[in-house]
Number of protein chains: 2
Amino acid sequence: MGGPRFEPVRAVRAYERVVEQIEEAIEGGTLCPGQRLPSERELMVQFSVSRSTVREALRVLQARGLVRSRPGDPHGAEVLPFSPAALHKSMTTLARVAELSLAELVQFRMVLDSSAILLAARLRTDEQLAEMDTAVIRMRAAVEAGGDDFGACDVAFHDAVARASGNKLIQICTDVVRSIVLDLISEKIAGAPDGEALMRQSIRHHEEVIAAVRTGDGPLAARLTRQSMYDYYAGYVPPAERAALRALLE
Amino acid sequence: MGGPRFEPVRAVRAYERVVEQIEEAIEGGTLCPGQRLPSERELMVQFSVSRSTVREALRVLQARGLVRSRPGDPHGAEVLPFSPAALHKSMTTLARVAELSLAELVQFRMVLDSSAILLAARLRTDEQLAEMDTAVIRMRAAVEAGGDDFGACDVAFHDAVARASGNKLIQICTDVVRSIVLDLISEKIAGAPDGEALMRQSIRHHEEVIAAVRTGDGPLAARLTRQSMYDYYAGYVPPAERAALRALLE
DNA sequence: GTAAATTTGTCCGTATGTATC
DNA sequence: TGATACATACGGACAAATTTA
């Protein structure tokens with residue numbers, strides 16, 4: 001019984017072979033960020049394909065955020081340093097085509113940010129704690145100055161927390177999801193600008209969180225984070241979907 | 001002071017304009033999955049660009065998982081239904097170029113899966129609970145049958161949990177991260193195949209989790225999930241990095 | 001500061017294998 | 001089965017942009 005087991009062969013286009021080879025070279029470390037690819041004309045010689053094929057491959061690599069090519073650049077396409085831009089892009093389209101609700105995105109933020117703060121409370125260095133302190137001080141200063149920079153300082157705080165979690169993936173994903181959420185409700189926020197009272201309440205929450213981090217009480221910091229995030233975003237979520245958010249509160 | 005605020009203009013290539021327009025049509029719902037794009041020759045007329053430009057745009061859209069084109073297809077490129085393939089791809093390259101450690105990935109899984117089970121414990125329907133039960137029953141059957149299908153049944157369980165969480169984003173991300181983790185340690189797992197004892201212990205863990213879900217005790221189910229995941233994966237993580245994983249246990 | 005050389009962006013034409021009718 | 005239309009891939013060409021001498 002049996003006989004040889006053949007694997008299905010997918011017709012692989014020429015440009016895909018080019019993409020694969022360059023991709024492996026970059027991911028494998030043969031090509032480092034800042035280095036240059038050969039020019040298109042040289043690539044067509046090395047791969048024995050036409051320039052159209054080379055260009056299609058470069059477009060794909062560019063869409064994946066691995067390289068960038070500029071017209072007239074005699075050094076060839078540049079290998080880019082790591083950037084979450086591609087992840088950001090695919091998650092944004094995901095949110096649209098999968099019709100993710102704001103509630104789902106906020107819920108995901110609650111999960112990620114509360115996990116980040118829990119880890120930060122247990123693994124942070126004193127220096128990282130100082131960075132969070134600084135961010136909150138700047139938030140307070142921003143309120144006094146009129147509140148224009150409040151949002152940016154808030155982002156700085158959450159980014160400091162994410163870094164202190166010690167997990168790059170958590171840091172990247174919190175950043176990506178946060179910006180998607182903010183994009184979704186930016187119109188509504190512009191319509192109902194942050195009242196000074198709301199900002200002061202947010203600062204109070206942040207100070208409580210920092211206090212919990214200072215004492216190393218991770219679960220408390222996580223709980224406070226989920227609660228303050230719910231308080232802040234629930235108003236933008238349809239009432240019927242708020243129950244799902246509350247499922248993350250105790 | 002002031003004067004008009006000008007925005008920096010990036011030189012936008014022709015193929016990008018084509019990508020943007022088709023992308024908006026798909027994300028906006030004008031083009032639905034299953035529908036076809038006009039042929040390349042027709043697209044070059046509608047956009048007033050050359051064939052090469054149209055093709056580069058289609059390559060980008062294909063890389064983002066939005067369309068697929070086959071040679072000879074007289075209906076033109078097909079608009080694809082939603083798929084997390086693009087997200088999977090960008091997160092995989094992210095793991096490589098950002099040099100994510102196995103510990104970071106496992107930690108992220110612990111966060112996501114424990115959050116999913118917490119939500120499932122509070123929001124699940126009886127039908128979804130039955131699906132989890134079925135998955136565990138199949139896991140037990142798989143062990144009796146030799147254990148070949150054990151991994152697949154385990155995946156089915158975690159997928160049922162993710163679905164019961166009610167959050168599509170959590171469902172997608174758990175799936176993506178799980179497959180990346182499994183890819184990373186597939187060699188080691190093949191070298192040290194699941195012992196029957198390990199499988200039985202895993203089943204016992206799953207049954208405890210289900211019991212907690214049945215009684216609606218989300219925090220307990222989440223804690224059990226993190227613990228069993230740590231027990232399962234810690235052996236593959238360098239000892240120095242295990243402390244970060246233990247930070248998620250209480 | 002200017003001009004030359006190279007590269008990318010774009011266009012056009014053609015040949016070939018393939019899927020559909 | 002054949003005819004048609006399609007995507008794939010090739011090669012040549014020109015303009016715009018950039019670097020460099």
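Lettering of chains follows the sequences in order, A, B, ..., and the numbering in each one begins at 1. All of these numbers come straight from a predicted model, not from anything done at the bench.
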Could you tell me which residues satisfy side chain to side chain contact (heavy atoms under 4.5 Å, CB included) with A:Ala103, sequence neighbours excluded, listed by chain and number?
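With sequence neighbours excluded, A:Ala103 shows a side chain to side chain contact (heavy atoms under 4.5 Å, CB included) to A:Ser101, A:Val237, A:Glu241, A:Leu245, given in chain and number order.
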
Just compare C:dG9, C:dT10, C:dC12 and give me whichever is closest to any side-chain atom of B:Ser52.
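Closest of the options to the side chain of B:Ser52: C:dC12.
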
Side chain to side chain donor-acceptor pair (under 3.5 Å) involving [X] - partner list, sequence neighbours excluded:
| X | result |
| --- | --- |
| B:Ser179 | B:His88 |
| A:Thr53 | A:Ser50 |
| A:Arg17 | none |

Ignoring hydrogens and angles, write down the donor-acceptor pairs under 3.5 Å from the side chains of residues 135-152 of chain B, residues two or more places apart or on other chains.
residue	atom	partner	partner atom	Å
B:Arg140	NH2	B:Glu207	OE2	2.5

Quick one: which residue pairs count as a side chain to side chain donor-acceptor pair (under 3.5 Å) with a foot in residues 60-70 of chain A, not counting sequence neighbours?
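The answer is A:Glu23-A:Arg64, A:Arg59-A:Gln62, A:Arg59-A:Ser69, A:Gln62-A:Ser69, A:Arg68-A:Glu78, A:Arg70-A:Asp73.
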
Can you tell me the distance, in whole Å, between the CZ atom of A:Arg51 and the C1' atom of C:dT10?
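Going from A:Arg51 (CZ) to C:dT10 (C1'), I get 9 Å.
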
Rounded off to whole Å, could you give me the CD-to-P distance for the B:Glu56 and C:dT10 pair?
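In whole Å, C:dT10 P and B:Glu56 CD are 7 Å from each other.
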
Residues forming a ring-ring contact (aromatic ring centres under 6.0 Å, His included) with A:His158, sequence neighbours excluded
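Applying ring-ring contact (aromatic ring centres under 6.0 Å, His included) to A:His158 gives A:His206.
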
Test of understanding: with ring-ring contact (aromatic ring centres under 6.0 Å, His included), list the residues that count as partners of B:Tyr233, not counting sequence neighbours.
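So B:Tyr233 forms no ring-ring contact (aromatic ring centres under 6.0 Å, His included) with any residue.
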
Going 5' to 3' along DNA chain D, which nucleotides are the first and last within contact of chain B (any atom under 4.0 Å from a heavy atom)?
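Boundary nucleotides touching chain B, in 5' to 3' order, are D:dC6 to D:dT8.
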
With nearest nucleotide decided by heavy atoms, which residue, B:Pro74 or A:Ser50, maps closer to the 5′ end of DNA chain D?
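Nearest nucleotide further toward 5': that of B:Pro74.
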
Would you mind telling me which residue lines up with the more 5' stretch of DNA chain D, A:Ala14 or A:Asp73, judged by nearest nucleotide?
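Between the two, 5'-proximity favours A:Ala14.
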
Classify the nucleic acid contact of B:Arg70 as base, sugar-phosphate or nothing, counting any heavy atom under 4.0 Å across all strands shown.
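Contact class for B:Arg70: sugar-phosphate only.
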
Has the side chain of A:Gln21 got a donor or acceptor atom that lies under 3.5 Å from a matching backbone atom of A:Val18?
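The answer is no, because no donor-acceptor pair under 3.5 Å joins these two groups.
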
Sorted by number, the residues of residues 33-48 of chain B with heavy-atom contact under 4.0 Å to DNA chain D
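Nucleic-acid contacts, sorted: B:Ser39, B:Glu40, B:Arg41.
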
Dump the intermediate steps for side-chain hydrogen bond (donor to acceptor under 3.5 Å, both in side chains) on B:Ser52 and A:Ser52, then the final yes or no.
CA-CA 7 Å; B:Ser52 322; A:Ser52 321; 5.4 Å; no

Along DNA chain C (nearest heavy atom to each residue), the more 5'-positioned of B:Val54 and A:Leu58:
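It is A:Leu58 whose nearest nucleotide is closer to the 5' end.
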
Identify, residue by residue, the members of residues 61-68 of chain A with a heavy atom below 4.0 Å from DNA chain C, and return them in order of residue number, or none.
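Contacting residues: none.
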
Residue pairs, two or more places apart or on separate chains, that pass salt bridge (Lys or Arg N to Asp or Glu O under 4.0 Å) and touch residues 163-183 of chain B:
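Residue pairs with at least one partner in residues 163-183 of chain B: A:Glu104-B:Lys168, B:Glu131-B:Arg163, B:Asp159-B:Arg163, B:Asp175-B:Arg178.
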
Can you check whether B:Thr53 has a side-chain N or O nearer than 4.0 Å to OP1 or OP2 of C:dC11?
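Looking at the OP1 and OP2 atoms of C:dC11, one of them is under 4.0 Å from a side-chain N or O of B:Thr53.
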
